[in-house]
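We name chains A, B, ... by the order of the sequence lines, and we start the count at 1 in each one.
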Amino acid sequence: MPFKPSKLLLPTSMDDAAEVLSENAGHAVIIAGGTTIYGIKYSGLLDHVDTVIDLSKLGLDYLKEEDGIAIGAYTTFIDIARSSLIRSHREFMAIVDAIRAVPSRQLRNMATIGGSVASSLPYYDLPVALTALDARIRIYGRSGRKEVPILEFLEAPLKPKLMDHEFVYEIYIPFHEGSSSAHEKFTINDFDYGIMTASALLTFSRDGRIEGGSIAIGGGIPNLVTLDCVKGLRPEEMIDEVAELARKEVSPIEDYKASADYRRYLAGVVAARALRRAAWRYREQ
Amino acid sequence: MSTRISFILNGSRVTVDVEPWESLLDVIRKKLGLKGTKLAFCRGACGGCGACTVIIDGRAVYSSILPAYKVDGRNVITIEGLASPEGLHPLQEAFVEAGAIQCGFCTSGMLMSAKALLDENPDPSDDEIKDALRGNLCRCTGYVKIIEAIKLASKRMRRPAGGG
Ligand code: FES
Ligand code: FES
């Protein structure tokens with residue numbers, strides 16, 4: 001049967017939500033902005049679903065500062081990209097880049113950070129930026145709260161690391177003093193998902209050398225990949241090395257848009273561009 | 001199991017029963033009879049062509065991929081809410097004058113995206129206009145005249161009526 005759920009549940013407390021999730025395990029789906037679910041509704045992947053669970057009554061629409069930034073799962077892309085909490089930190093600019101990489105204003109008005117992360121799709125931009133920034137996914141379930149590093153959470157496409165009764169309620173991003181970040185997306189047209197994408201976070205010492213940082217790569221690969229940046233080098237000394245490493249680490253998919261070889265080549269291109277832009281941003285902004 | 005929702009549609013309150021899977025677009029077109037909002041190139045699956053754009057609480061969204069129950073208690077404007085009894089909206093006039101309409105299928109969506117933009121930013125730059133229209137496809141005009149029309153409307157709307 002095609003996706004045509006007959007039941008809609010709108011729990012009003014976190015415990016309620018965990019309860020209805022476990023009661024409906026196996027035939028329910030959580031809906032946030034709805035853009036992923038509607039996007040894949042003809043794919044057959046949701047044909048077993050007869051219940052939609054909407055958590056919009058839990059008040060999960062916020063950004064707050066707490067030794068880093070905590071963002072409620074139902075906060076829309078547009079509210080995040082416009083937030084001064086985000087924009088006042090160079091190290092968070094990969095998030096703004098990743099949201100701008102979403103081709104349409106309408107989607108940015110609808111899509112949420114929780115939906116983007118919990119879809120666990122390697123070609124979504126925002127999770128790549130969050131991975132470079134070392135975000136942690138905050139999860140609620142019958143046994144209370146827990147926190148999982150994003151890379152561990154994004155287990156497989158459309159299969160995040162969540163138990164039946166669990167849901168994402170918040171995304172936490174630590175501050176990275178003296179750092180800047182950037183996200184790059186490579187597409188063949190403005191409307192498409194990234195063929196390959198990369199986000200870079202660079203931490204600098206006072207003399208402009210790299211203290212640390214990481215690069216996350218996404219797009220047409222089954223799982224996101226991260227690379228560590230080499231300490232003690234200047235960004236320009238690192239570019240070729242990073243591009244080469246990126247090409248070595250990814251195992252891209254192959255489809256009508258790009259061959260695996262081309263994607264592998266692009267992994268190096270986007271990694272180098274993200275690195276260059278993060279370094280430029282550190283100097284110029 | 002249908003849910004009864006109530007919201008403001010183009011200034012008047014409407015109450016309607018909707019199913020969990022029904023999109024706002026289907027409810028507006030089929031249950032409320034307003035046919036100006038279109039379902040176009042993307043068949044309401046991936047979302048992206050923008051023909052179905054409506055404005056909810058000041059923000060442009062795709063009604064084809066928005067579950068209708070989500071607009072309960074909110075304020076929705078469709079293309080039918082743009083003109084007033086006195087006449088067309090300045091954006092509609094500018095689209096006609098600038099030749100920004102050919103087959104017209106994308107037009108209602110384009111106008112709603114443009115309205116959301118001008119309501120928020122009365123004097124947008126070319127880049128801001130292009131960014132606001134990134135989520136709307138037109139297969140006829142080539143966009144140049146649409147951008148011109150929005151600039152024309154923006155200019156007129158900022159100038160008091162009758163002023164030079
Ligand atoms: S019909 Fe809604 S985006 Fe195309
Ligand atoms: S006028 Fe025909 S699609 Fe835009």
Side-chain angles (χ1 to χ4, degrees), chain A residues 1-10 28-47 49-57 61 74 76-79 81-82 99-112 115 121 123 187 189-193, chain B residues 1-5 18-26 41-74 109-110 112-114 116-117 120-121 124 127-137 143:
Chain A
M1 210 185 60
F3 178 65
K4 222 176 195 189
S6 55
K7 213 160 77 182
L8 165 68
L9 300 170
L10 290 139
V29 70
I30 301 179
I31 189 167
T35 55
T36 303
I37 289 183
Y38 270 75
I40 61 171
K41 78 173 177 181
Y42 294 125
S43 67
L45 291 165
L46 295 172
D47 290 1
V49 170
D50 68 8
T51 302
V52 186
I53 301 176
D54 187 317
L55 308 180
S56 53
K57 294 212 184 308
D61 176 1
Y74 273 55
T76 56
F77 283 12
I78 195 87
D79 286 337
R82 287 182 176 174
I99 290 173
R100 275 194 70 86
V102 175
S104 101
R105 176 69 70 95
Q106 291 92 323
L107 290 177
R108 283 176 252 155
N109 284 342
M110 302 170 79
T112 64
L121 288 169
Y123 53 81
T187 48
N189 67 50
D190 191 42
F191 247 68
D192 209 354
Y193 296 115
Chain B
M1 181 185 83
S2 61
T3 316
R4 174 152 303 183
I5 61 166
V18 302
E19 303 295 331
W21 46 267
E22 263 182 315
S23 66
L24 178 62
L25 177 82
D26 278 347
F41 315 110
C42 56
R43 309 180 341 271
C46 50
C49 77
C52 66
T53 303
V54 301
I55 299 177
I56 299 181
D57 294 338
R59 290 181 172 179
V61 302
Y62 292 144
S63 65
S64 67
I65 58 168
L66 185 76
Y69 74 83
K70 280 187 178 274
V71 302
D72 190 28
R74 304 178 71 179
M110 286 285 178
M112 298 319 280
S113 285
L117 170 69
E120 194 176 270
N121 177 1
D127 280 348
E128 286 167 333
I129 295 176
K130 286 183 193 163
D131 186 61
L133 298 184
R134 263 171 88 194
N136 291 75
L137 291 182
Y143 304 99

### Query
Checking heavy atoms, do the side chain of A:Ile37, its backbone, both or neither come under 4.5 Å from chain B?
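Neither part; nothing is under 4.5 Å.
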Separation of [Y] [atom2] from [X] [atom1] (nearest 0.5 Å):
X: B:Ile56; Y: A:Asn109; atom1: CD1; atom2: CG; value: 9.5 Å
X: A:Met110; Y: B:Ser63; atom1: CE; atom2: OG; value: 8.5 Å
X: A:Phe191; Y: B:Leu137; atom1: CZ; atom2: CG; value: 4.0 Å
X: B:Leu133; Y: A:Arg105; atom1: CG; atom2: CZ; value: 9.0 Å

### Query
Is the backbone N or O of B:Pro20 less than 3.5 Å from a side-chain atom of A:Lys4, with the two atoms forming a donor-acceptor pair by type?
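Side chain of A:Lys4 to backbone of B:Pro20: no pair is present.
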#### Entry: B:Ser2 versus chain A, the contacting section by heavy-atom distance below 4.5 Å
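B:Ser2 has no heavy atom closer than 4.5 Å to chain A.
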### Message
As a quick check of understanding, evaluate side-chain contact (heavy atoms from CB on, under 4.5 Å) for A:Gln106 and B:Arg134, giving each step before the final call.
### Response
CA-CA 9 Å; A:Gln106 291 92 323; B:Arg134 263 171 88 194; over 6 Å; no
### Query
With respect to chain B, which residue among A:Pro103, A:Ser56, A:Gly33, A:Ser43 yields the maximal number of heavy-atom pairs within a distance under 4.5 Å?
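That would be A:Pro103.
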### Shortest non-hydrogen separation from B:Trp21 to A:Tyr38 and the atoms involved
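Scanning both residues completely, I find the closest heavy atoms to be O-OH, 3.0 Å.
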### Task
Specify the closest pair of heavy atoms between A:Ile31 and B:Pro67, including all atoms of both residues, with the distance to one decimal.
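Taking A:Ile31 first and B:Pro67 second, the nearest heavy atoms are CD1-CG, 3.6 Å.
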### Message
Please evaluate residues B:Asp131 and A:Arg108 with respect to the criterion side-chain contact (heavy atoms from CB on, under 4.5 Å), reporting the C-alpha separation (whole Å), side-chain torsions for both, the decisive distance (0.1 Å), and the verdict.
### Response
CA-CA 11 Å; B:Asp131 186 61; A:Arg108 283 176 252 155; 3.1 Å; yes
### Message
Applying side-chain contact (heavy atoms from CB on, under 4.5 Å) to A:Ser104 and B:Tyr62, what does each step give before you reach the verdict?
### Response
CA-CA 10 Å; A:Ser104 101; B:Tyr62 292 144; 2.9 Å; yes
### Task
Please determine, among B:Leu66, B:Leu117, B:Thr3, the option with the most heavy-atom pairs under 4.5 Å with chain A.
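Looking at each of B:Leu66, B:Leu117, B:Thr3 in turn, B:Leu66 comes out on top.
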### Task
Heavy atoms only, distances under 4.5 angstrom: which of B:Glu19, B:Arg59, B:Glu22 has the most pairs with chain A? Name it, please.
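Winner by heavy-atom pair count: B:Arg59.
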### Task
Go through B:Ile65 and A:Leu107 one step at a time and tell me if the side-chain contact (heavy atoms from CB on, under 4.5 Å) criterion holds.
CA-CA 10 Å; B:Ile65 58 168; A:Leu107 290 177; 3.8 Å; yes
